[in-house]
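For reference, the structure discussed in these notes is given below.
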Amino acid sequence: MSIALTRASSAHFGLRWLWITPLVLVTALIAGTAIGETPIPVDTIVKVLANQLIGTDYPVDRIDAGIIWNYRLSRAVVAACCGTSLALAGVVLQALLRNPLADPYLMGISAGASTGAVAVAVAGLGAGALSLSLGAFVGALLAFGIVVMLAHAANSGVGGGRGVQAAGAIILAGIAGSQLFNALTAFIITKSASAEQARGIMFWLMGNLSGVRWADVTLAVPAALFGLLVCLWHRRSLDAFTFGADSAASMGIAVRPVRGMLIIAMALVTAVMVSIVGAIGFVGLVIPHAVRFIVGSRHTRLVPATALAGAVFLIGSDILSRVLISGQVLPIGVITSLIGAPAFALILVRGKRS
């Protein structure tokens with residue numbers, strides 16, 4: 001009886017999300033397109049979209065049409081994709097590693113992706129054979145591989161990987177890996193970039209959506225959808241991994257292949273997003289924790305809710321980056337850190353009290 005009620009509740013939740021998610025996401029995208037230094041009415045946005053998508057001929061100011069279609073809408077879509085991908089990567093890493101501090105930024109994945117992208121863009125690594133996204137992907141996998149090896153070496157020295165020390169080893173290794181690849185990025189920029197290049201890259205590394213166009217959308221949307229589908233497909237496996245690898249194996253899950261595939265998938269989507277907008281912190285760390293307070297820890301609910309919350313959060317952060325200082329656009333990573341750091345502190349305090 002209880003199993004039937006649980007299934008019915010999950011089905012009801014899924015049906016509710018089918019109509020809530022598009023509504024909330026479309027509202028956020030419209031807000032991201034309308035709000036800025038030059039506010040644009042919603043009816044103007046609708047007319048421009050109708051003109052571009054279905055070939056109508058509504059009279060619209062050419063400047064407003066250019067701002068909407070060529071600048072703000074593509075920027076909002078990429079922000080949504082980036083927020084979704086980073087938040088889902090946080091969910092997956094926290095489940096697989098059973099550590100609430102795991103996220104792409106702390107695990108060195110973002111730092112490695114940044115190094116790979118900068119090595120291709122500035123140092124000419126690959127002699128033109130590597131794209132920016134592929135360079136970021138290679139850097140992300142390399143960084144995470146180093147982090148895993150460091151953690152394994154640390155675990156081998158603390159009683160075979162058990163205890164409090166072993167539980168925190170992966171995070172300490174991630175911090176070390178992040179610092180290593182951040183230093184490599186700075187070295188490449190210092191050695192190979194001109195003063196103007198260095199300025200632009202440093203701004204990009206803090207998270208920058210200013211240069212995003214529709215070509216980036218065609219890369220970001222498939223990557224975000226891929227990450228979401230992978231997480232939804234393995235939602236029950238993620239539930240099992242939260243109780244440990246032994247529990248997952250006892251439930252018939254092929255632990256190593258599933259874990260490896262999930263990590264590679266999250267490294268891929270993180271690398272794609274970093275190659276487009278740079279490294280953005282706190283999204284994968286804060287959003288999953290905040291969503292767990294609302295929908296619980298079951299990944300059937302947690303995955304879609306986190307994907308939506310991550311998208312809305314980064315669109316909102318992008319809006320703030322454009323309006324907080326008049327006439328100036330802040331790096332979006334500054335906004336996510338200003339919001340994410342105190343939010344995470346609040347989550348930690350509340351979690352300890354409960």
Side-chain angles (χ1 to χ4, degrees), residues 19-54 56 58-87 203-204 206-221 224 273 276-284 286-287 290-291 294 305-343:
W19 66 268
I20 287 179
T21 299
L23 181 63
V24 174
L25 187 57
V26 168
T27 302
L29 288 171
I30 290 174
T33 307
I35 302 172
E37 192 171 354
T38 304
I40 297 176
V42 174
D43 64 323
T44 303
I45 296 172
V46 173
K47 289 176 181 177
V48 170
L49 291 178
N51 291 346
Q52 293 288 343
L53 298 176
I54 60 177
T56 56
Y58 291 112
V60 180
D61 182 79
R62 292 181 64 183
I63 294 177
D64 285 346
I67 292 174
I68 292 168
W69 186 254
N70 296 322
Y71 178 63
R72 288 191 188 170
L73 182 59
S74 58
R75 182 173 178 144
V77 172
V78 171
C81 292
C82 187
T84 293
S85 299
L86 295 178
F203 192 84
W204 172 77
M206 291 187 287
N208 180 24
L209 286 161
S210 296
V212 166
R213 297 296 180 263
W214 285 108
D216 300 304
V217 173
T218 61
L219 185 61
V221 171
M273 298 307 159
I276 296 172
V277 301
I280 299 174
F282 283 100
V283 179
V286 172
I287 298 300
V291 173
I294 302 171
T306 299
L308 178 62
V312 173
F313 173 72
L314 214 61
I315 292 173
S317 297
D318 182 45
I319 292 172
L320 283 176
S321 75
R322 287 183 271 133
V323 303
L324 207 57
I325 301 177
S326 180
Q328 185 174 349
V329 179
L330 292 172
I332 194 170
V334 173
I335 303 299
T336 60
S337 297
L338 287 174
I339 297 172

For [X], check side chain to side chain contact (heavy atoms under 4.5 Å, CB included) against everything at least two apart and list the hits.
| X | result |
| --- | --- |
| Ala307 | Thr84, Leu88, Leu228 |
| Ala309 | Ile287, Val291 |
| Ile54 | Ala50, Thr56 |
| Ala28 | Val312, Ile315 |

- prompt: Which residue pairs pass the salt bridge (Lys or Arg N to Asp or Glu O under 4.0 Å) test with at least one member in residues 62-74, sequence neighbours excluded?
  reply: none
For the [atom1] atom of [X] and the [atom2] atom of [Y], what is their distance to the nearest 0.5 Å?
| X | Y | atom1 | atom2 | result |
| --- | --- | --- | --- | --- |
| Ser317 | Leu324 | OG | CG | 11.0 Å |
| Asn208 | Arg75 | CG | CZ | 7.0 Å |
| Ile319 | Leu314 | CD1 | CG | 10.5 Å |
| Ser74 | Leu209 | OG | CG | 9.5 Å |
| Phe282 | Ile335 | CZ | CD1 | 13.5 Å |
| Thr44 | Ile68 | OG1 | CD1 | 6.0 Å |

query: Knowing that exactly one of Ile339, Ile332, Thr336 qualifies, which makes a side-chain contact (heavy atoms from CB on, under 4.5 Å) with Val283?
result: Thr336
field: From Leu23, Ile30, Val24, residue fulfilling side-chain contact (heavy atoms from CB on, under 4.5 Å) relative to Val26
entry: Ile30
- request: Would you indicate whether Ile63, at its atom CD1, is surrounded by more than 12 heavy atoms from other residues, nucleotides or ligands within a distance under 6.0 Å?
  value: no
message: Evaluate Ile280 against Cys82 for side chain to side chain contact (heavy atoms under 4.5 Å, CB included), listing each step before the verdict.
response: CA-CA 9 Å; Ile280 299 174; Cys82 187; 4.0 Å; yes
Closest approach of [X] and [Y], non-hydrogen atoms and distance?
| X | Y | answer |
| --- | --- | --- |
| Ala87 | Thr306 | CB-CG2, 3.5 Å |
| Pro342 | Ser337 | CD-O, 4.0 Å |
| Cys81 | Met273 | O-CE, 3.9 Å |

task: Taking side-chain hydrogen bond (donor to acceptor under 3.5 Å, both in side chains) as the test, write out the residues that go with Thr27, two or more places apart.
output: none
- prompt: Who are the side-chain hydrogen bond (donor to acceptor under 3.5 Å, both in side chains) partners of Tyr58, not counting sequence neighbours?
  reply: none
- prompt: Should Leu53 and Trp69 be marked as a side chain to side chain contact (heavy atoms under 4.5 Å, CB included) after you check the CA-CA gap, both sets of side-chain angles, and the distance that decides it?
  reply: CA-CA 11 Å; Leu53 298 176; Trp69 186 254; 3.9 Å; yes
- request: Report yes if some heavy atom in the side chain of Leu73 is under 4.5 Å from a heavy atom in the side chain of Leu49; otherwise report no.
  value: yes
Check residues 32-43 and write down every donor-acceptor pair under 3.5 Å in which the side-chain atom is one partner and the other belongs to a residue at least two apart or another chain.
unit_1	atom_1	unit_2	atom_2	d
Thr33	OG1	Leu29	O	2.8

statement: For residues 309-335, the ring-ring contact (aromatic ring centres under 6.0 Å, His included) pairs (sequence neighbours left out) are none
Inter- and intrachain pairs under side-chain hydrogen bond (donor to acceptor under 3.5 Å, both in side chains), touching residues 322-335, at least two apart: Asp318-Arg322
